[in-house]
Amino acid sequence: MTDRPINGTGSRGDQSDGTAGSGGGAAGASRRGFLRAAGAVGLGTVAVGAAGVGEAAAAPADTSGEESGRAAGTTPPVRTGTGLDRLPHPLVIGHRGASGYRPEHTLGSYELALQLGADVIEQDLVPTKDGQLVVRHENNIAETTDVADHPEFAARKATKTIDGQSLTGWFTEDFTLAELRTLRAKERLPQQRQRNTLYDGRWPIPTFRDVVDFAERRSRTLGRDVWLYVETKHPSYFRSIGLPLEERLATELRRAGLAGRRGRAILQSFEPSSLQRLAQLVENPRVQLLGDAASRPYDFVLAGDTRKVADLVTPAGLKWIASFAHGIGPTTQLIAPVDATGKLQPPTTLVPDAHRAGLVLHPYTVRNENGFLPVDHRRGTDPAAYGDALSWSTYLYEQGVDGFFTDQSDTAVLARADFWASRGVH
């Protein structure tokens, strides 16, 4: 997922983009047992969202929640036959942790996301030269670490073509894990998030195993399962240079006891072939990420497949995705499109169409800042100032999404509590 403000161009942005699911009804209410555990009657406190999620994750399916959803006029959650069915609905996914408040993909970011009530925390995986999986938004670490301040690595700076784009910087595949451990993480969007720079240099780059071990510790101390949402980044590129991701990821999941349909790890990728490969290795739930409508998955480009994302969000395309995945992760503009000025347009039919195909929807990425919000939900003209992210979150819940990726989990938790209350769920 890349980061671009909403501007109505339909660009592949990882903040809030998408072409929308139209009137498929509001999102299904969570199971009654979860709401009691979460204390939804308290409505809107971060502590409520953070405290109660765990009991739901461990609880067996409760059909009374589905009846409650129908009685309230909402759509029951899609049942996937995987561990996803044990999670709260709609889901709050900590996008790279709590990256609205801490440098992304650090243990500090993940810790805060859990404190703020995230149900799941996300990792992007890239490999090192010696084949270890580390957690970074991209393999180019120029913007997310202090590598430029290390003269011993000055000669490692390079220009490479990654998924058809020429990029200059320092790349994880040119470093051993021991070398990467000498670096420190920093804020990737300092112009928008100047306060986050306070934490520059505080945390190292974690390996995937570090995050798995962290999640295990926090599961014990929180008294609930901490789930992971794991993306394979540029999988075709890494396979082409002899560092395939899927087999390494499957090995780590098995080692940690996270593999399987009931495993506490959701797998995601922009490349369908990566998910198809993973399906042959482990049975974890899988989610196909979708960029802007005019884009093509890079494995399609390599294979000469002319289909675009616009083709994949048709009923026929969704049926094809459902043959190897349990859900989709579209940009928000694929659900709630905006015009050239950034103003919301009528929602698309993606939500009901995906649900009819048996797919859950986890769009990306909801953020508090004006620059990442539709014009309808902005406050003032400063792109770095907070807009009305609560109303934007509520709008997405009302479209029927099954959860979304967010940089500010507390905002999503508050909006979800209000959404449940408005549906009479208690």
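Note that the structure is a prediction, hence the values are computed from the model and not measured.
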Closest non-hydrogen atom pair, E231 against S269: CG-CA, 4.4 Å

Backbone N/O of K129 and side chain of T176: donor-acceptor pair under 3.5 Å: no

Candidate list Q123, H362, E122, Q268, test side chain to side chain donor-acceptor pair (under 3.5 Å), partner Y229, passing option: H362

Salt-bridge contact K186-D149 (side-chain N to carboxylate O under 4.0 Å): no

Backbone N/O of W227 and side chain of D225: donor-acceptor pair under 3.5 Å: no

Parallel, tilted or perpendicular: rings of H377 and W392 (30°, 60°): tilted

Lys/Arg N to Asp/Glu carboxylate O, K343 vs D376, below 4.0 Å: yes

Separation of H95 NE2 from I121 CD1 (nearest 0.5 Å): 13.5 Å

Check: Y397 side chain, A412 main-chain N or O, donor-acceptor pair, under 3.5 Å: yes

Salt-bridge present (E216, R264; N to O < 4.0 Å): yes

Exam field: side chain D418 to backbone A415, donor-acceptor pair closer than 3.5 Å: no

Within-4.5 Å side-chain heavy-atom neighbours: Q132 and L180: no

Interatomic spacing from OG1 in T232 to CZ in F238 - rounded to 0.5 Å: 10.0 Å

S219 versus V226, closest heavy-atom pair with distance: OG-N, 2.9 Å

Minimum heavy-atom distance between L249 and L267, given as atom pair plus value: CD2-CD2, 4.1 Å

Check: R356 side chain, P315 main-chain N or O, donor-acceptor pair, under 3.5 Å: no

Within-4.5 Å side-chain heavy-atom neighbours: P330 and F404: no

D210 and R181 ion-paired at < 4.0 Å: yes

Short side-chain to backbone donor-acceptor contact, N196 and E187, under 3.5 Å: no

Audit row: V135, L125, side-chain contact (heavy atoms from CB on, under 4.5 Å) steps and yes/no: CA-CA 5 Å; V135 183; L125 300 188; 3.9 Å; yes

Considering all heavy atoms, the nearest S409-G94 contact: OG-CA, 3.8 Å

Step-by-step side-chain hydrogen bond (donor to acceptor under 3.5 Å, both in side chains) determination, H234 to E138: CA-CA 9 Å; H234 311 299; E138 291 289 345; 2.4 Å; yes

Plane angle bin for F214 and Y110 - parallel if under 30°, tilted between 30 and 60°, otherwise perpendicular: tilted

Salt-bridge present (R239, E247; N to O < 4.0 Å): yes

Between S274 and R277: side-chain donor-acceptor atoms closer than 3.5 Å: no

pair L278-N284: side-chain heavy atoms closer than 4.5 Å: no

Test log, rule side-chain hydrogen bond (donor to acceptor under 3.5 Å, both in side chains), inputs Q115 and E111: CA-CA 6 Å; Q115 291 176 2; E111 173 64 38; 2.9 Å; yes

Side-chain donor/acceptor of R378 to backbone N/O of L373, under 3.5 Å: yes

Residue pair P383 / Q192, side-chain heavy-atom distance below 4.5 Å: no

Straight-line distance of N370 CG to Y386 OH, nearest 0.5 Å: 11.0 Å

Atom pair OG1 (T314) and CG (D353), whose distance is rounded to the nearest 0.5 Å: 8.5 Å

E398 vs R423, side-chain contact (heavy atoms from CB on, under 4.5 Å): CA-CA, chis, key distance, verdict: CA-CA 10 Å; E398 289 173 344; R423 296 315 192 257; 3.7 Å; yes

Electrostatic pair R184-D146, nearest N-O below 4.0 angstrom: no

Residue pair Y199 / S109, side-chain heavy-atom distance below 4.5 Å: no

Distance-minimising heavy-atom pair for L253 and V282: CD1-CG2, 4.3 Å

Closest contact, heavy atoms only, N368 versus Q408: N-OE1, 3.0 Å

side-chain contact (heavy atoms from CB on, under 4.5 Å) evaluation trace for V211 with L107: CA-CA 7 Å; V211 178; L107 294 189; 4.3 Å; yes

Review item, side-chain donor-acceptor pairs of residues 319-328, under 3.5 Å, at least two apart:
from : atom 1 : to   : atom 2 : distance (Å)
S323 : OG     : W320 : O      : 2.5
H326 : ND1    : R286 : N      : 3.0

Any side-chain heavy-atom pair of N139 and K233 under 4.5 Å: no

Stepwise side-chain contact (heavy atoms from CB on, under 4.5 Å) check, V338 with V375: CA-CA 9 Å; V338 297; V375 168; over 6 Å; no

Greater than 12 external heavy atoms within 6.0 Å of R195's CZ: no

Short side-chain to backbone donor-acceptor contact, R261 and G83, under 3.5 Å: no

Check ion pair R255-D213 (N to O, under 4.0 angstrom): yes

Contact check, side chains of P103 and T144, non-hydrogen atoms, under 4.5 Å: no

Side-chain touch L84/D402, heavy atoms, less than 4.5 angstrom: no

Nearest-0.5 Å distance that lies between atom OG1 in T80 and atom CZ in R86: 10.0 Å

Main-chain N/O of I205 paired to R136 side chain as donor or acceptor, under 3.5 Å: no

Test salt bridge (Lys or Arg N to Asp or Glu O under 4.0 Å) applied to E179 - qualifying residues, sequence neighbours left out: R156

Between CG on residue L361 and CD on residue Q399, distance to nearest 0.5 Å: 11.5 Å

E252 and R248 ion-paired at < 4.0 Å: no

